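See below for the structure under consideration.
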Amino acid sequence: MPEPAPIPLGRSALAALVELERVSQTYPLSTARLGAALTDRTDVVFGLEEDGELLGYAILSRLPFDAELQSILVARQARRRGLAVALMEAVIAQAKAWKSERLLLEVREANAPAITLYRRMGFAEDGRRRDYYPSLDGAGREDALLMSRRLDGA
Ligand SMILES: CC(C)(COP(=O)(O)OP(=O)(O)OC[C@H]1O[C@@H](n2cnc3c(N)ncnc32)[C@H](O)[C@@H]1OP(=O)(O)O)[C@@H](O)C(=O)NCCC(=O)NCCS
């Protein structure tokens with residue numbers, strides 16, 4: 001069976017997004033944040049569905065000159081199938097369509113799977129924010145890596 005292709009999600013996807021976050025994340029995005037992403041004119045939410053089930057999503061925000069990846073997630077049972085690459089390709093295509101100069105993102109410094117994905121997609125590290133995230137074990141704080149990828153002519 002061919003892999004699902006990313007599609008822009010609308011308001012009707014809110015419950016599925018909330019549930020995917022709830023079962024997948026230590027610190028899930030709030031219902032309000034997800035609802036705003038689905039309705040704000042400056043955001044696009046891409047989703048991947050298979051047999052009526054939401055397997056992954058990515059939120060992209062349009063900034064004045066750049067675009068920013070706010071979130072990307074693939075359900076545990078669907079990882080290592082290339083679905084995050086497909087979501088990133090949709091995100092990059094949308095940011096290029098907006099004529100954004102760069103695509104920006106922040107990632108926990110210990111998130112090796114995501115950092116490997118981003119490097120593979122052409123992102124480089126620009127800097128870090130010290131103690132930006134609460135650590136996943138709840139015991140302290142964790143740095144955020146700031147990464148970006150140019151979009152013009154790339
Ligand atoms: C990061 C995440 C989105 C990757 O999703 P995925 O669909 O499994 O990724 P893909 O199958 O498209 O993998 C693409 C490449 O990324 C890298 N990668 C992905 N998962 C990896 C892992 N666990 N370890 C090492 N590299 C990994 C590999 O280079 C992989 O290519 P390969 O499978 O050919 O080796 C997924 O692990 C996830 O949802 N994590 C939790 C949420 C999260 O951390 N989001 C990022 C927040 S900034």
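Index from 1, following the sequence. Quick caveat: nothing in here was measured; it's all calculated off a predicted structure.
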Is it possible for you to say whether [X] and [Y] belong to one hydrophobic cluster, with membership spreading through side-chain heavy-atom contacts below 4.5 Å?
| X | Y | value |
| --- | --- | --- |
| I7 | L55 | no |
| F123 | L146 | no |
| L63 | M147 | no |
| W98 | I59 | no |
| L83 | V91 | yes |

Does some side-chain heavy atom of [Y] sit less than 4.5 Å from a side-chain heavy atom of [X]?
| X | Y | result |
| --- | --- | --- |
| S71 | L69 | no |
| R76 | V23 | no |
| L17 | R22 | no |
| M88 | R120 | no |
| L103 | L60 | yes |
| L87 | V74 | yes |
| D143 | R129 | no |

Indicate yes or no for a side-chain donor-acceptor contact from [X] to the backbone of [Y] under 3.5 Å, with no hydrogens or angles considered.
| X | Y | value |
| --- | --- | --- |
| E21 | L29 | yes |
| D66 | R102 | yes |
| D51 | E53 | no |
| S148 | L104 | no |
| S100 | K96 | no |

Kindly list each side-chain donor-acceptor pair under 3.5 angstrom involving residues 36-48, sequence neighbours excluded, with atom names and distances?
{"residue": "T39", "atom": "OG1", "partner": "G35", "partner atom": "O", "Å": "2.9"}
{"residue": "T39", "atom": "OG1", "partner": "A36", "partner atom": "O", "Å": "3.3"}
{"residue": "D43", "atom": "OD1", "partner": "S61", "partner atom": "OG", "Å": "2.6"}

Straight-line distance of [X] [atom1] to [Y] [atom2], nearest 0.5 Å:
| X | Y | atom1 | atom2 | result |
| --- | --- | --- | --- | --- |
| E50 | E3 | CD | CD | 6.5 Å |
| R128 | L145 | CZ | CG | 5.0 Å |
| L20 | Y57 | CG | OH | 7.0 Å |
| E19 | L14 | CD | CG | 11.5 Å |
| E142 | D137 | CD | CG | 9.0 Å |

Residues joined to L136 in its hydrophobic cluster, side chain to side chain under 4.5 Å directly or through other members, sorted by chain and number, are Y27
Carefully, step by step, assess I92 and L151 under the rule side-chain contact (heavy atoms from CB on, under 4.5 Å). CA-CA 8 Å; I92 290 167; L151 296 168; 4.1 Å; yes
Fill in: Residue pair Y133 / E109, side-chain donor-acceptor N/O under 3.5 Å
no
- Message: Can you see whether Q70 engages E106 through a side-chain donor-acceptor pair at a distance of less than 3.5 angstrom?
- Response: no
Contact summary for [X] and [Y], nearest pair of heavy atoms:
| X | Y | result |
| --- | --- | --- |
| A84 | L117 | CB-CD2, 3.7 Å |
| A86 | P6 | O-CG, 3.5 Å |
| V107 | A114 | CG2-CB, 3.9 Å |

The test is side-chain contact (heavy atoms from CB on, under 4.5 Å); show your working for R141 and R130 and say whether it passes.
CA-CA 8 Å; R141 308 287 301 178; R130 295 265 169 225; over 6 Å; no
Fill in: CA sep, side-chain torsions, deciding dist, call: E68, R62, salt bridge (charged side-chain N to carboxylate O under 4.0 Å, His left out)
CA-CA 7 Å; E68 183 166 2; R62 187 177 192 175; over 6 Å; no
In terms of side-chain geometry, is the basic nitrogen of E101 or R149 positioned less than 4.0 Å from the acidic oxygen of its partner?
-> no
